[in-house]
Amino acid sequence: MKSYAYGRELRLLTPEHFQQVFNSSPRKFACRLYTLLICKNNQEHPRLGFTISKKKAKLAVDRNRIKRVTREQFRLNASELPAIDMVFIARQGIADIDNEQLIRELNNTWQKIQKFYKKS
RNA sequence: AAAGUUGGCCGUGCAAUCGCUGCUUUAUCGUUGUGUUUGACCAUUUCGGUGGUUAAGCAGACGGGUGAAGGGGAGGAAAGUCCGGGCUUCGAUGGGUAGGGUGCCAGAUAACGUCUGGGCGGCGUGAGCCGACGACAAGUGCAGCAGAGAGGAGACCGCCUAUCGCGUUUACGUGAUAGGUAAGGGUGAAAGGGUGCGGUAAGAGCGCACCGCACAGCUGGUAACAGUUUGUGGCAGGUAAACUCCACCCGAAGCAAGACCAAAUAGGGUUCCAUAUGGCGUGACCCGCGUUGGAACCGGGUAGGUUGCUCGAGCCUUAUAGCAAUGUAAGGCCUAGACGAAUGAUUGCAGCUCGCAAGAGAUACAGAACCCGGCUUAUAGGCCAACUUUCCAC
């Protein structure tokens with residue numbers, strides 16, 4: 001039975017968590033909307049954190065929307081992912097994209113990550 | 001019916017599946033917290049006990065973990081952070097100065113730069129809308145170009161008089177000089193009230209009448225202000241979002257305020273000794289106030305956690321006072337409290353616009369962060385009420 005729960009343990013909560021990812025020379029998965037920084041963690045499950053600056057998405061409504069959509073897709077796929085920490089960094093233009101396109105892009109990225117970690 | 005004005009309201013709804021986050025009820029797990037019982041050891045003792053440490057058992061009231069069910073979960077602007085207040089702390093809210101704000105009058109309010117009613121001025125056929133709208137006759141300052149002159153002013157042209165020339169015998173015309181003159185021309189955004197009559201050499205508030213203005217009185221009004229068949233004055237421009245004056249108001253900083261529990265680390269309080277017309281500190285400045293070097297003893301509060309944190313100048317209904325803003329009374333209701341920050345995603349149906357239909361299209365501005373009252377700005381589409389103008393019908 002797959003679990004689709006998304007509790008607090010699946011998030012990066014403190015600045016130290018973020019610094020760990022940045023300092024570990026992370027693997028990058030990029031597309032035109034965002035960049036994902038990835039490194040292995042010592043947990044049982046993957047974790048996700050966000051960095052969306054006001055410059056990239058001007059309105060709070062847009063920033064919230066991106067986070068919610070991305071989190072939703074992460075939740076549905078988390079059981080398929082290895083134990084890694086990810087930091088989502090928004091790029092210019094992400095605020096102009098609708099939910100459907102963002103979801104398609106994210107699904108591509110999950111598949112790439114899975115392939116990469118199966119190989120290694 | 002069309003065009004418009006003002007005020008108020010809504011700003012997607014329902015269902016299913018999967019998630020997030022508080023609350024309530026409930027199940028279960030742990031015994032590291034908590035409570036309690038017993039034993040052992042240590043300290044103390046008035047030999048009854050008391051305090052501490054530790055081990056074992058029990059409990060499930062409190063707290064914690066994991067489930068289940070029920071129920072709640074963004075806005076009219078949550079925004080800009082432009083005002084005002086509550087709350088909190090601070091040389092433990094002292095005196096003076098500086099500085100800032102407001103600015104027709106009255107009322108409302110916790111308070112306001114807000115709101116309501118009224119006055120005055122301007123705009124609109126009108127319903128209505130707009131206005132930092134106190135004082136330049138307290139003082140100081142400022143004003144490009146043009147113009148003779150820009151503030152108790154001013155002779156460039158013109159007008160008038162006198163003297164001396166010239167044309168001609170005088171009248172008259174004309175030139176120069178010395179005066180008078182604010183009627184007329186010209187300049188300017190603005191030239192020191194306007195019209196008429198008298199007056200004069202020509203003119204002039206120089207005098208008079210009427211109109212306008214200022215001051216005083218009287219009448220109405222709480223007042224701003226309005227009216228005036230009253231009296232006085234010949235009448236002294238603009239600018240105070242220029243200094244200034246007048247009236248009233250203002251301590252500062254903010255929930256990263258602050259309080260409590262508490263790893264670390266320096267500072268801090270009490271006593272004793274030493275002791276200076278000095279030094280240092282001060283959330284605008286001055287007065288003022290505090291503090292200082294050494295020793296001994298006693299306690300400290302950053303990371304993290306808890307709290308502040310949502311029952312409040314609260315919302316709804318009715319009655320009542322008031323033109324109104326709003327107040328009062330009664331009854332009912334509980335309606336987000338997160339902290340790398342929840343309030344979401346997908347699908348179906350309904351609703352909106354266009355179309356006979358199949359179908360197509362639109363769905364704005366925008367996301368709580370201690371809480372309220374306002375203001376300002378953004379906003380697809382829609383609803384209600386009152387009123388105005390024009391046209392048509394009767």
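In what follows, chains carry the letters A, B, and so on, assigned in the order in which the sequence lines appear, proteins first and then strands, with residues in each chain numbered from 1.
- Comparing the same atom, P, in rA262(B) and in rG301(B) gives a spacing of 12 Å after rounding to whole Å.
- Taking the C1' atom of each, rA106(B) and rA324(B) are spaced 13 Å apart, rounded to whole Å.
- A distance of about 16 Å separates the P atoms of rU109(B) and rG322(B), rounded to the whole Å.
- A distance of about 9 Å separates the C1' atoms of rG238(B) and rC136(B), rounded to the whole Å.
- With a glycosidic angle no further than 90° from 0, rU335(B) counts as syn.
- A 3.5 Å limit on both hydrogen-bonding distances identifies rA108(B) as the Watson-Crick or G-U partner of rU114(B).
- Base orientation for rG60(B): anti, the chi torsion being more than 90° from 0.
- Judged by closest nucleotide on RNA chain B, Ile103(A) is the one of Ala60(A) and Ile103(A) placed further toward the 5' end.
- When the C1' atom is compared between rG251(B) and rG95(B), the two are found 14 Å apart, to the nearest whole Å.
- With a cut-off of 3.5 Å on both Watson-Crick or G-U wobble distances, the partner of rA40(B) is given as rU53(B).
- Checking Arg68(A) against Asn99(A), the closest nucleotide of RNA chain B that is more toward the 5' end is the one next to Arg68(A).
- When the P atom is used for both rC215(B) and rA135(B), the distance is 12 Å, rounded to whole Å.
- Nucleotide rA79(B) holds its P atom 17 Å from the CG atom of Asp62(A), rounded to whole Å.
- Hydrophobic cluster membership is shared by Phe74(A) and Phe116(A), with clusters built from Ile, Leu, Val, Met, Phe, Trp and Tyr side chains linked at under 4.5 angstrom.
- Across all strands shown, rU347(B) is found opposite rA15(B) as a Watson-Crick or G-U wobble partner, with both distances under 3.5 Å.
- Pairing of rU265(B), defined by two Watson-Crick or G-U wobble distances under 3.5 Å, is not identified with any nucleotide.
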